[in-house]
Peer 1: 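The structure is given below, and queries will be raised subsequently.
Note that this is a predicted model, so its numbers are computed, not measured.
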Amino acid sequence: MKLNTKVVTGSVKLNYVNIKEARSNALSSEPKYSITIIIHKESNTMDKIYEGIYNATKNGLDIWDGKVPDNLKDGDATGRKEYEDSFYIHATSKYRPQVVDKDLKILSPDELYNGCLGRVSINFYPYNHKESGNCGISCELLNLQKLKDGEKIVNRASAVDDFSVAYDDGILV
């Protein structure tokens with residue numbers, strides 16, 4: 001019997017919101033929708049996350065020859081201000097997630113942005129790519145609920161920030 005691996009989070013911060021159009025990346029040529037979920041470590045959601053990962057790990061024993069892989073990583077976040085004291089999860093799906101507001105009315109994907117607050121339904125699952133020797137736990141993005149606006153997260157520097165310091169190497173081309 002497979003253990004339950006579906007989690008519906010409490011309030012989380014959303015980042016790297018890519019739910020308008022499926023995109024390919026360097027790891028997979030299959031286009032997918034994706035999002036990064038930032039969860040404060042003190043949140044009650046963390047218990048649900050740990051349970052979902054634990055259950056997916058137990059479910060994975062069948063495909064990992066009865067042994068948990070040594071290289072399983074967690075999403076403990078460090079190094080970025082908006083991830084401080086947080087855990088993050090990157091979730092993907094080949095299917096577009098539905099988006100609703102707090103009253104469960106359908107929203108356009110345009111309503112979500114990096115930094116808004118919401119709830120997310122996700123599903124953890126084990127994988128084993130025997131050809132590459134790569135195995136672990138992945139997270140499938142199911143649906144999203146926008147709760148409220150939040151402070152926007154800017155994931156790249158602006159040109160003004162990059163070039164605000166005067167530069168003169170004495171050479172004019």
Peer 1: So, applying side-chain contact (heavy atoms from CB on, under 4.5 Å) with Q145, which one of V99, L104, D101, V120 is it?
Peer 2: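 Answer after filtering V99, L104, D101, V120: L104.
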Peer 1: Does D149 come within less than 4.0 Å of K146, counting only side-chain N to carboxylate O?
Peer 2: yes
Peer 1: Would you confirm whether S93, through its side chain, and Y33, through its main-chain N or O, come within 3.5 Å as a donor-acceptor pair?
Peer 2: no
Peer 1: Backbone N or O of S121 within a donor-acceptor pair of the K6 side chain at under 3.5 Å?
Peer 2: no
Peer 1: Please tell me if the side chains of W64 and T57 come closer than 4.5 Å, counting only heavy atoms from C-beta onward.
Peer 2: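 The answer is yes, as the side chains (C-beta and beyond) meet within the 4.5 Å cut-off.
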Peer 1: When rounded to the nearest 0.5 angstrom, what is the spacing between CG in L147 and CG in L14?
Peer 2: 8.5 Å
Peer 1: Measuring from atom OG1 of T36 to atom CD1 of I89, what distance do you get when rounded to the nearest 0.5 angstrom?
Peer 2: 10.0 Å
Peer 1: What do you reckon, is OH of Y95 surrounded by more than 12 foreign heavy atoms closer than 6.0 Å?
Peer 2: no
Peer 1: Hey, are the side chains of L141 and I19 touching, using non-hydrogen atoms and a 4.5 Å cut-off?
Peer 2: yes
Peer 1: Would one find more than 12 heavy atoms of other residues, nucleotides or ligands at under 6.0 Å from atom OH of Y127?
Peer 2: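 Buried by this count: over 12 neighbours within 6.0 Å.
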Peer 1: Would you indicate whether the side-chain heavy atoms of D85 and H40 approach each other to under 4.5 Å?
Peer 2: yes
Peer 1: From Y16 OH over to Y88 OH, what is the distance, rounded to the nearest 0.5 angstrom?
Peer 2: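 It is 10.0 Å, given to the nearest 0.5 Å.
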Peer 1: Test T5 against every option in N59, N123, N55 by the side chain to side chain donor-acceptor pair (under 3.5 Å) rule and name the one that passes.
Peer 2: N123
